[in-house]
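Here the structure comes first, spelled out in structure tokens, and everything after it is commentary.
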Amino acid sequence: IIDANTVKGTTNNLGGIDFYIDYDDFIKCKDICWCAQYSEKSHTYYIHGRIGSYEQCEYLHRYILGLSKEDCVEVDHKDHDGTNNTKKNLRIGSRSKNAMNMSKFNITESGYHGVCWNNKINKWVVEIWENKNRRYLGAYSDLSVAIKIRKEAEDKYYKDWSYKNS
């Protein structure tokens, strides 16, 4: 028990990865053998266990929220830490909502979603996806300006789901 509201558990693999749940979920989760799996994409561990008589593998965050694999929703960890499975850190959303707040990654030279170098015009091109539509935000010589434009667009279109606001 960490405090009156939070309990720390430890996985049975990878040398024991600590994870956190609400105290009121402890009884529901205490007899399950939880394991950790590292996600290269998200750069965090996610906790999963075998639940029920069919020994189905379920993610802890979905189990806590009472979601099955058949539920067509995703669970977002607001702080981007897959080991923090307290209810205040979890929210349900669509695939597109969850993709809005992915951490930056290095598939472009900029390292930021929606900011990439265009060799034809020798500028940083900025785009954002909104409601399954790609929105062109301009082309800029200065990378810091391009990133600023992208972050402003995330605040405008993604609101609470933007990376910095989650």
Side-chain angles (χ1 to χ4, degrees), residues 1-116 128-132 147-148 150-166:
I1 297 175
I2 299 297
D3 58 39
N5 301 315
T6 310
V7 176
K8 178 176 85 171
T10 304
T11 64
N12 291 331
N13 68 332
L14 302 175
I17 303 296
D18 291 338
F19 62 91
Y20 304 90
I21 60 174
D22 291 320
Y23 182 78
D24 61 337
D25 291 316
F26 175 70
I27 298 297
K28 177 178 171 179
C29 298
K30 71 179 180 69
D31 293 326
I32 298 169
C33 178
W34 296 106
C35 296
Q37 181 177 350
Y38 187 74
S39 168
E40 292 288 338
K41 181 178 175 184
S42 302
H43 305 291
T44 188
Y45 287 96
Y46 290 102
I47 310 304
H48 60 89
R50 300 224 177 260
I51 298 167
S53 59
Y54 295 108
E55 295 292 313
Q56 294 178 340
C57 189
E58 297 281 347
Y59 283 106
L60 177 57
H61 52 270
R62 295 184 71 82
Y63 182 67
I64 284 174
L65 295 178
L67 300 170
S68 71
K69 291 179 182 178
E70 290 76 35
D71 292 312
C72 296
V73 295
E74 292 197 7
V75 178
D76 178 55
H77 291 80
K78 293 178 189 176
D79 69 357
H80 309 283
D81 179 357
T83 66
N84 180 358
N85 290 281
T86 57
K87 286 189 191 97
K88 70 181 179 189
N89 189 49
L90 304 176
R91 61 182 167 188
I92 297 172
S94 65
R95 180 87 157 132
S96 61
K97 286 268 191 201
N98 203 14
M100 289 177 185
N101 73 353
M102 290 175 60
S103 62
K104 63 184 178 179
F105 59 104
N106 294 319
I107 64 165
T108 68
E109 297 88 349
S110 72
Y112 287 84
H113 288 285
V115 179
C116 60
I128 195 165
W129 285 87
E130 179 212 5
N131 296 327
K132 300 182 182 179
I147 292 169
K148 179 179 180 281
R150 169 61 192 217
K151 288 180 178 180
E152 288 172 356
E154 287 180 11
D155 288 344
K156 178 180 178 180
Y157 296 112
Y158 296 170
K159 298 180 176 50
D160 290 342
W161 285 83
S162 73
Y163 184 78
K164 80 172 194 180
N165 292 329
S166 55

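For Lys156, the NZ atom is loosely surrounded, since the number of other residues' heavy atoms within 6.0 Å does not exceed 12.
Proximity of Ile128 to Glu154: side-chain heavy atoms (C-beta onward) are separated by under 4.5 Å at one or more points. Between Thr6 and Tyr23 the shortest side-chain heavy-atom distance does not fall below 4.5 Å. Within the 4.5 Å cutoff, side-chain heavy atoms of Leu90 are placed close to those of His77. Contact of the Phe19 side chain with the Ile17 side chain is not registered, since no non-hydrogen atoms from C-beta on lie closer than 4.5 Å. Put simply, the side chain of Thr11 does not reach to within 4.5 Å of the side chain of Thr83, judged on heavy atoms. By the 4.5 Å heavy-atom criterion applied to side chains, Asn85 and Ile47 are counted as neighbours. Under the 4.5 Å side-chain criterion, counting only non-hydrogen atoms from C-beta, Asp25 is in contact with Lys87.
At distances below 3.5 Å, not a single donor-acceptor pair connects side-chain atoms of Arg50 with backbone N or O atoms of Trp34. Remark: side-chain polar atoms of Ser110 are not paired, donor with acceptor, to backbone N or O of Cys116 under 3.5 angstrom. Proximity of a side-chain donor or acceptor of Arg62 to a complementary backbone N or O of Ser68 within less than 3.5 Å is detected. Side-chain atoms of Asp79 come within 3.5 Å of backbone N or O of Asp81 as a donor-acceptor pair. Without hydrogens or angle criteria, Ser42 side chain to Thr44 main chain gives no donor-acceptor distance under 3.5 Å. Asn13 places no side-chain N or O within 3.5 Å of a backbone atom of Gly15 that could act as its donor or acceptor partner.
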Could you walk me through whether Ile92 and Leu67 satisfy the side chain to side chain contact (heavy atoms under 4.5 Å, CB included) test, starting with their C-alpha distance in whole Å, then the side-chain angles of each, then the deciding distance to 0.1 Å, before giving a yes or no? CA-CA 10 Å; Ile92 297 172; Leu67 300 170; 4.1 Å; yes
Would you sort out whether Asn89 and His61 count as a side-chain hydrogen bond (donor to acceptor under 3.5 Å, both in side chains), showing the intermediate values? CA-CA 10 Å; Asn89 189 49; His61 52 270; over 6 Å; no
Kindly indicate, with the supporting measurements, whether the criterion side chain to side chain contact (heavy atoms under 4.5 Å, CB included) is fulfilled by Trp129 and His113. CA-CA 10 Å; Trp129 285 87; His113 288 285; over 6 Å; no
Applying side chain to side chain contact (heavy atoms under 4.5 Å, CB included) to Gln37 and His48, what does each step give before you reach the verdict? CA-CA 8 Å; Gln37 181 177 350; His48 60 89; 3.7 Å; yes
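Annotation for Cys33 and Asn12: closest pair SG-ND2, 2.8 Å, computed over non-hydrogen atoms. Between Cys29 and Ile21, the shortest heavy-atom distance links the atoms CB-CD1, 4.0 Å. Closest approach of Tyr38 and His43 over heavy atoms only: OH-CA, 3.3 Å.
Thr10 and Asp18 form a side-chain donor-acceptor contact under 3.5 Å, judged by distance and modelled atom types alone.
In this structure, Lys28 is positioned above the aromatic face of Tyr63, its NZ or CZ under 6.0 Å from the six-membered ring centre and within 45° of the axis.
A salt bridge is absent between Asp22 and Lys88; no separation between the charged side-chain nitrogens and carboxylate oxygens falls under 4.0 Å.
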